[in-house]
Amino acid sequence: MQLKKKLCTLRFTNMIHSNASTTYPALGEQGAIESELPPIDFYFDFLSAFGYFASLRIDDIAARHGRRVQWHCMLLGVSVMKVMGLKPLLDTPLKSDYVLRDAPRYMRRHDLNPIRKVSDPMMDPRPSARAFYWIKRHYPGQEQAFAKAVFESYWSQGNDLADSTQIVALAPALGIDPVMLERGLNSDEARTDLREYVSASIDRGVFGSPFMIVDGEPFWGCDRLEMLDEWLATGGW
């Protein structure tokens with residue numbers, strides 16, 4: 001009996017030392033994972049259906065691997081049309097037909113039923129993008145929740161977020177002053193921040209939505225989320 005007691009004590013002591021040397025991800029105030037590992041940089045445009053699809057999954061993927069996600073708004077109108085010199089996706093022959101088939105197929109696969117269709121007229125994403133960066137500056141840490149609210153309002157509810165009143169309506173639920181947000185998204189400060197952040201995204205090679213960068217490795221497209229997940233699980237190849 002005495003020997004059995006000593007063995008149990010030894011096992012418990014070893015367990016304590018083992019757990020003390022193990023690092024576990026901690027939860028921050030917003031429930032985001034705080035980790036010493038580099039974050040996943042997640043780039044999106046609010047008018048991108050596939051950016052919306054990825055926004056619903058990226059946090060869960062990151063959490064499985066003890067990573068945080070840093071959300072960045074970009075503009076396809078700048079990267080695709082101005083920098084790359086290409087037409088909008090739905091104005092591109094052959095590719096547009098494929099996208100109009102692929103997006104509903106993805107939605108069926110993931111049980112999504114947004115009111116807005118990919119073929120519907122697109123909003124001007126710049127007011128929402130300016131609001132995103134104004135919040136990032138003045139309410140740091142709330143920009144991710146705001147981005148999710150914009151995606152939900154635009155895609156799931158079909159609201160036109162080119163209208164600043166629709167954007168401001170999202171503020172109270174996030175604890176943001178709606179009057180200040182309306183002033184902010186129309187300010188020179190927000191316009192400058194948006195230009196600088198979009199320019200920085202292009203400097204990093206970002207051209208599409210969604211676009212993820214982890215440990216210096218870029219992944220473009222919603223169909224690369226599985227590869228991103230595997231890359232994080234294995235350490236890459």
### Query
Donor-acceptor pair, Asn159 side chain versus Leu161 backbone, under 3.5 Å?
no
## Note on the structure
Between the CG atom in Asp102 and the CZ atom in Arg105, the distance rounded to the nearest 0.5 Å is 4.5 Å
### Task
Kindly give the heavy-atom pair with the smallest separation between Pro93 and Asp91, and that separation in Å.
CD-O, 3.5 Å
### Message
Let's go through Leu90 and Met122 carefully: what are the C-alpha distance in whole Å and the side-chain angles of both, what is the deciding distance for side-chain contact (heavy atoms from CB on, under 4.5 Å) to 0.1 Å, and is it a yes or a no?
### Response
CA-CA 11 Å; Leu90 294 182; Met122 292 184 179; 4.2 Å; yes
Without placing hydrogens or testing angles, list every side-chain donor-acceptor pair under 3.5 Å for residues 169-184, not counting sequence neighbours.
{"residue": "Asp177", "atom": "OD1", "partner": "Val179", "partner atom": "N", "Å": "2.9"}
{"residue": "Asp177", "atom": "OD1", "partner": "Met180", "partner atom": "N", "Å": "3.3"}

### Whether Arg64 side chain and Asp229 backbone form a donor-acceptor pair below 3.5 Å
no
### Message
Under 4.0 Å between a side-chain nitrogen and a carboxylate oxygen: does that hold for Arg57 and Asp60?
### Response
no
### Query
Could you give the distance from CZ (Arg68) to CD (Gln144), rounded to the nearest 0.5 Å?
10.5 Å
### Task
Applying side-chain contact (heavy atoms from CB on, under 4.5 Å), name anything that partners Ala129, two or more places apart in sequence or on another chain.
Cys73, Leu75, Leu194
### Task
Step by step, work out the side-chain contact (heavy atoms from CB on, under 4.5 Å) result for Gln157 and Glu152.
CA-CA 7 Å; Gln157 300 171 16; Glu152 178 71 15; 3.9 Å; yes
### Summary
Minimal heavy-atom distance between Ser48 and Gly51, with the atoms involved, is OG-N, 2.8 Å
### Message
With side-chain contact (heavy atoms from CB on, under 4.5 Å) as the test, pick out the partner of Phe50 among Val118, Asp45, Asp223, Val99.
### Response
Val99
### Query
Does the Ser153 side chain pair with the main chain of Ala149, one donor and one acceptor, at a distance under 3.5 Å?
no
### Message
Less than 4.0 angstrom from a charged side-chain N to a carboxylate O is my criterion; do Arg224 and Glu230 meet it?
### Response
no
### Ile58: partners by side-chain contact (heavy atoms from CB on, under 4.5 Å), with sequence neighbours left out
Ile40, Phe42, Val69, Trp71, Met212, Leu225, Leu228
### Task
Could you pull out the closest heavy-atom pair between Met123 and Ser128, with the gap in Å?
CE-OG, 4.2 Å
### Query
For Arg126, does the CZ atom have more than 12 heavy-atom neighbours from other residues, nucleotides or ligands under 6.0 Å away?
no
### Message
Just to verify, what does Tyr43 make a ring pair (Phe, Tyr, Trp, His ring centres under 6.0 Å) with, not counting sequence neighbours?
### Response
His72
### Message
Holding to ring pair (Phe, Tyr, Trp, His ring centres under 6.0 Å), I want the full list of residues that pass it with Tyr154, two or more places apart in sequence or in another chain.
### Response
none
### Task
State whether the number of non-hydrogen atoms from other residues, nucleotides or ligands found under 6.0 Å of Arg109 atom CZ is greater than 12.
no
#### Entry: Salt-bridge contact Asp59-Lys148 (side-chain N to carboxylate O under 4.0 Å)
yes
### Query
How far apart are the closest heavy atoms of Ile115 and Ser156, and which atoms are they?
CG1-O, 3.2 Å
### Message
Would the distance check show the side chain of Arg130 and the main-chain N or O of Leu185 forming a donor-acceptor pair, the cut-off being under 3.5 Å?
### Response
yes
### Task
Look only at the side chain of Ser199 and the backbone of Glu196, and say whether a donor-acceptor pair between them is shorter than 3.5 Å.
no
### Query
Just how far is it from atom CD1 of Ile167 to atom CG of Asn186, taken to the nearest 0.5 Å?
8.5 Å
### Message
With salt bridge (Lys or Arg N to Asp or Glu O under 4.0 Å) as the criterion, how do Lys117 and Asp120 come out once you've worked through the C-alpha distance, each side chain's angles and the decisive distance to 0.1 Å?
### Response
CA-CA 5 Å; Lys117 307 303 180 187; Asp120 288 345; over 6 Å; no
### Query
According to the ring pair (Phe, Tyr, Trp, His ring centres under 6.0 Å) rule, which pairs have a member within residues 186-208, sequence neighbours left out?
Tyr133-Tyr197, Phe207-Phe211, Phe207-Trp220
### Query
Any chance the side chains of Glu189 and His138 put a donor and an acceptor closer than 3.5 Å?
yes
### Closest approach of Pro38 to Arg67 (non-hydrogen atoms, all atoms of both residues)
O-NH1, 2.8 Å
### Query
Any Lys/Arg nitrogen of Asp41 or Arg204 sitting under 4.0 Å from an Asp/Glu carboxylate oxygen of the other?
yes
### Query
Between Leu89 and Lys95, what is the shortest heavy-atom contact and its length?
CD1-CD, 3.0 Å
### Message
For Phe46 and Phe44, I'd like to know if the aromatic rings sit close, meaning centre-to-centre distance below 6.0 Å.
### Response
yes
